[in-house]
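Down below is the structure, laid out as structure tokens.
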Amino acid sequence: MTGRFFLETYGCQMNIAESNAMTLQLEALGWSAAERPEEADIVLLNTCAVRQTAEDRIWGRIGYYKFLKESRDFTLIVTGCMAERLGEEIIKESKAVDYVLGTFQKRKLSEIACGHGETHAPVKADDLSVSPHFQFEPYHLAKGAFKAFLPIMHGCNNFCSYCIVPYVRGREISRSPEDIFREIERLEEKGVREITLLGQNVNSYNWNDTLRFPDLLAKIASMTDSIRWIRFMSSHPKDIPQELIRVIAEHETVCNHIHLPVQHGSNSVLRRMNRKYTREHYFDLVEMMRSVIPGLSLSTDLMIGFPGESEEDFELTLDLVRQVGFDDAFTYYYNPREGTAAYDMAEQVPHEVKLDRLKTLIELQREISFARRKARIGDSERVLVEQRAKKREGELLARTNRNEMVAFPGGEGLIGSFVPVVLKTLHGNTFRGEVVCPGK
Ligand code: SF4
């Protein structure tokens with residue numbers, strides 16, 4: 001049995017990597033990708049459960065496919081984190097869904113595509129024994145891509161009190177170094193220029209107590225030749241050893257950018273979030289990283305409106321943001337997730353207060369990001385060209401080693417190449433640059 005499939009992906013980079021792997025699984029069985037869901041024999045929704053808004057959107061898509069099924073027959077599969085969290089409910093609420101595959105069941109896709117799948121049998125992460133049920137796919141590259149996401153570990157043991165991830169992705173497991181190196185060799189053969197090592201908490205990578213993340217990163221940095229840039233995410237501030245900072249500083253291929261989610265600037269909120277570090281620890285870490293890695297770019301995640309957040313707590317977050325001077329920040333407000341420790345906490349912050357605080361924080365971070373980038377005008381950078389600029393005809397969009405975007409005039413032939421540019425002006429968060437001399 002073969003035909004055409006359509007895959008919709010929601011959420012994080014891990015989901016993107018896993019969707020790429022599912023695409024490869026289906027293509028290996030003779031299936032081909034449909035341009036539109038209305039032409040597909042299998043529609044797959046690879047879902048996210050991190051925020052309610054993501055789940056609401058997916059319920060909307062399931063509703064659309066229910067409507068579509070009134071006029072034509074196809075198989076609808078819901079997989080990913082929302083499938084893991086709400087498997088039974090999805091089956092009960094929508095008869096249009098044919099299969100629900102939890103996080104640990106994605107491999108069943110091949111059986112379904114061959115026409116032999118068992119229906120409606122989600123498995124919960126809680127049911128897992130110590131042996132790793134999650135299986136890493138061997139290969140995650142999207143067709144024709146020159147940048148790749150490479151999962152190296154999966155799951156999380158941290159149980160931050162607001163986060164659903166440990167419940168839908170299970171406990172941490174690390175991928176074998178042999179499998180990681182094998183995939184990197186294949187990526188090199190395909191001409192990939194940049195890889196991002198992925199995990200819910202990459203710093204926890206631990207292969208049988210013989211290989212930890214700093215050593216793995218150093219090995220990868222030393223083995224790659226054609227892959228020029230290595231990134232990694234996400235990192236937890238409680239798990240950054242000095243050794244890792246040294247590896248970043250010593251290897252030119254490891255990018256000078258760390259995404260280090262601080263989440264909040266108040267110790268009392270950090271404690272209730274179960275983050276297991278203090279603002280003082282974070283300051284020390286930033287100081288050490290910046291002293292060892294010159295030119296380091298630092299980004300973070302910041303959450304506003306966690307239960308019990310007082311005006312004073314919020315001011316401490318603003319203070320931390322001013323003191324650290326992040327290059328970028330992903331800012332968002334607390335969204336209660338059923339099943340997490342924070343869900344029933346008293347003193348939920350009113351929605352309007354969350355929005356007000358978020359606005360203040362965004363404005364502050366925007367000023368800081370702008371000032372930090374402005375200081376870089378005139379610098380020369382080697383950028384990796386990613387795509388055509390959507391808003392300006394004849395321009396390309398590229399990324400610096402420090403994860404900044406640069407637009408500059410150029411031909412499409414440069415996409416996928418490294419090009420030297422000089423940063424001339426700044427529009428919002430994007431530089432406008434000029435090529436110094438065309439190169440590869
Ligand atoms: S470290 Fe915390 S926020 Fe990150 S995935 Fe684990 S539980 Fe969630």
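Both counts, for ligands and for their atoms, begin at 1 and track the order of listing.
Relative ring orientation between Tyr277 and Tyr282 is described as tilted, the plane-to-plane angle lying within the 30° to 60° band. Taking the six-membered ring where tryptophan is involved, the planes of His257 and His259 are tilted, since the angle between them lies from 30° to 60°.
Taking the charged nitrogens against the carboxylate oxygens, Arg175 and Glu183 do have a contact shorter than 4.0 Å, which makes a salt bridge. A salt bridge is defined here as a Lys NZ or Arg NE, NH1 or NH2 lying under 4.0 Å from an Asp or Glu carboxylate O, and Arg382 with Glu252 fails to meet this definition.
Against a heavy-atom cut-off of under 4.0 Å, Val165 is close to the following atoms of ligand 1: 5 (S). Contact atoms of ligand 1 toward Pro166: 7 (S) (distance under 4.0 Å to a heavy atom of the residue). Near Phe159, meaning under 4.0 Å from one of its heavy atoms, ligand 1 places the atoms 7 (S). Contact atoms of ligand 1 toward His236: 1 (S) (distance under 4.0 Å to a heavy atom of the residue). Within ligand 1, counting atoms from 1 as listed, the ones closer than 4.0 Å to a heavy atom of Cys156 are 1 (S), 5 (S), 6 (Fe), 7 (S).
Atom 1 (S) of ligand 1 has Asn158 ND2, 3.3 Å as its closest protein atom, hydrogens excluded (heavy atom only). The protein heavy-atom contact nearest to atom 8 (Fe) of ligand 1 is Cys163 SG, 2.3 Å.
Remark: distances from the non-hydrogen atoms of Arg275 to ligand 1 include one below 4.0 Å.
Of the heavy atoms in Pro261, none comes closer than 4.0 Å to ligand 1. If you look at Cys160 next to ligand 1, the close heavy atoms, those under 4.0 Å, come from the backbone and the side chain alike.
A cation-pi arrangement is found for Arg186 relative to Tyr139, the charged atom lying closer than 6.0 Å to the ring centre and inside a 45° cone about the ring normal. Both tests hold for Arg51 against Tyr332: distance to the six-membered ring centre under 6.0 Å, angle to the ring axis within 45°.
Between Phe74 and Phe6, the distance separating the two ring centers is not shorter than 6.0 angstrom.
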